[in-house]
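Reminder, nothing fancy here: chain letters follow the sequence lines and each chain counts from 1. Atoms considered below: every heavy atom in the structure, side chains included; atoms not considered: hydrogens, waters and symmetry mates.
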2 protein chains.
Amino acid sequence: MDWRAIVGGNVRRLRQARQMTQEQLAFDADLDLTYVGGIERGKRNPSLLVLARLAKALGVTPADLIRE
Amino acid sequence: MDWRAIVGGNVRRLRQARQMTQEQLAFDADLDLTYVGGIERGKRNPSLLVLARLAKALGVTPADLIRE
DNA sequence: ATGTGACTTTTAGTCCGTA
DNA sequence: TTACGGACTAAAAGTCACA
């Protein structure tokens with residue numbers, strides 16, 4: 001079970017469904033855009049509080065980002 | 001919304017429901033017992049992979065740990 | 001059996017660039 | 001607009017002694 005890839009896929013799917021760019025999402029979540037890209041590609045291991053900021057920016061709960 | 005406290009409460013509740021000590025949970029999740037204690041008290045900001053290890057040791061999904 | 005502070009080591013997360 | 005690398009800084013991971 002590769003949780004980083006699961007979270008990455010969820011973030012990308014939700015972001016694209018909202019017609020947002022990585023840059024816009026990064027701005028809303030107050031994160032670096034290269035870091036958001038890394039998360040979407042499953043290369044990063046984000047902390048709970050980063051997941052919470054991404055979830056808020058996407059209008060979902062943190063749990064939604066970790067759902068398979 | 002204090003996600004660290006929410007996760008901490010969930011971990012503690014699930015652990016106690018299983019009649020496990022912090023030490024037993026720490027062993028199963030391959031973490032230090034003082035670190036598990038810190039998470040339960042909402043003092044730590046665990047990463048996705050640490051949450052996944054705790055969830056596995058508790059027999060739930062990582063999303064269950066972040067549920068309010 | 002758990003809470004806590006003070007640590008050191010490792011990695012998360014930022015900022016710069018190129019393509 | 002995104003991927004990716006290098007160099008950096010902030011914070012998480014992980015450990016310990018003691019209450």
Side-chain angles (χ1 to χ4, degrees):
Chain A
M1 204 105 35
D2 186 350
W3 292 107
R4 293 184 302 180
I6 288 168
V7 167
N10 285 332
V11 169
R12 177 159 292 181
R13 176 176 46 77
L14 291 163
R15 174 179 65 79
Q16 291 178 334
R18 284 155 182 72
Q19 314 237 54
M20 295 172 77
T21 65
Q22 289 182 353
E23 188 172 16
Q24 290 171 320
L25 175 56
F27 180 82
D28 291 350
D30 198 23
L31 292 168
D32 194 87
L33 91 127
T34 68
Y35 188 56
V36 171
I39 288 172
E40 289 193 359
R41 279 176 271 123
K43 302 298 184 189
R44 294 290 187 156
N45 177 29
S47 71
L48 172 62
L49 296 183
V50 162
L51 290 172
R53 278 149 63 194
L54 281 171
K56 186 175 183 184
L58 289 166
V60 298
T61 67
D64 289 329
L65 297 184
I66 309 184
R67 192 154 293 120
E68 298 179 67
Chain B
M1 204 112 27
D2 186 349
W3 293 107
R4 294 184 302 181
I6 289 167
V7 167
N10 285 332
V11 169
R12 177 158 293 181
R13 177 176 46 76
L14 291 163
R15 173 178 66 78
Q16 290 177 335
R18 285 155 182 70
Q19 316 240 52
M20 296 172 76
T21 65
Q22 289 182 351
E23 187 172 16
Q24 290 171 321
L25 174 57
F27 179 83
D28 292 349
D30 197 23
L31 293 168
D32 193 89
L33 85 136
T34 67
Y35 187 58
V36 171
I39 289 172
E40 288 194 0
R41 278 176 274 121
K43 300 301 182 187
R44 297 282 189 156
N45 179 24
S47 72
L48 173 60
L49 297 183
V50 164
L51 290 172
R53 279 149 67 190
L54 281 170
K56 186 175 182 183
L58 289 166
V60 298
T61 67
D64 289 329
L65 297 184
I66 308 183
R67 194 153 293 123
E68 298 178 69

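Contact detail for Leu48(A) and Trp3(B): the closest heavy-atom pair is CD2-O, 3.6 Å. Shortest non-hydrogen contact noted between Arg13(B) and Asn10(B) is NH2-OD1, 2.6 Å.
Take the nearest nucleotide of DNA chain C for Asn45(A) and for Arg12(B): the residue whose nucleotide is more 5' is Arg12(B). Nearer the 5' end of DNA chain C, as judged by each residue's closest nucleotide, is the contact made by Arg15(B), out of Tyr35(A) and Arg15(B). Residue-to-nucleotide proximity on DNA chain D shows that, of Thr34(B) and Ser47(B), the 5′-proximal contact is made by Ser47(B).
Here the P atom of nucleotide dT1(D) and the CZ atom of Arg18(A) are 19 Å apart, to the nearest Å. Atom-to-atom, CG of Leu54(B) to C1' of dA12(D) comes out at 14 Å; the value is rounded to the nearest Å. Look at CG on Asp32(A): it is 17 Å from P on dG6(D), rounded to the nearest Å. The nearest whole Å value for the distance from the CZ atom in Phe27(B) to the C1' atom in dG14(D) is 17 Å. Here the P atom of nucleotide dT4(C) and the CD atom of Glu40(B) are 12 Å apart, to the nearest Å. Atom pair Glu23(B):CD and dG3(C):C1' shows a separation of 15 Å (rounding to whole Å applied). Rounded to an integer number of Å, the gap from Lys43(B) NZ to dA6(C) C1' is 16 Å. With rounding to whole Å, Leu48(B) atom CG is found 15 Å from dG13(C) atom C1'.
One hydrophobic cluster, built from ILVMFWY side chains closer than 4.5 Å, holds both Val60(A) and Ile6(B).
With hydrogens and angles disregarded, no donor-acceptor distance shorter than 3.5 Å links the side chain of Glu40(B) to the backbone of Gly37(B).
The shortest distance between the side-chain N/O atoms of Arg41(B) and the OP1/OP2 oxygens of dT2(C) is not below 4.0 Å. Within the structure, every side-chain polar atom (N or O) of Arg44(B) is placed at least 4.0 Å from both OP1 and OP2 of dA12(D). Residue Arg53(B) places none of its side-chain N or O atoms closer than 4.0 Å to OP1 or OP2 of dA13(D). Phosphate contact (OP1/OP2 of dA1(C), side-chain N/O of Gln24(B), threshold under 4.0 Å): absent.
Here Asp30(B) lies out of heavy-atom contact (under 4.0 Å) with every strand. Residue Leu33(B) is classed as a base contact, given a heavy-atom separation below 4.0 Å to a base.
Residue Gln16(A) qualifies as enclosed at atom CD: its count of foreign heavy atoms under 6.0 Å is above 12.
Distances were taken from every side-chain heavy atom of Gln22(B) (C-beta onward) to each of dT2(C), dT2(D), dA13(D); the shortest belongs to dT2(C).
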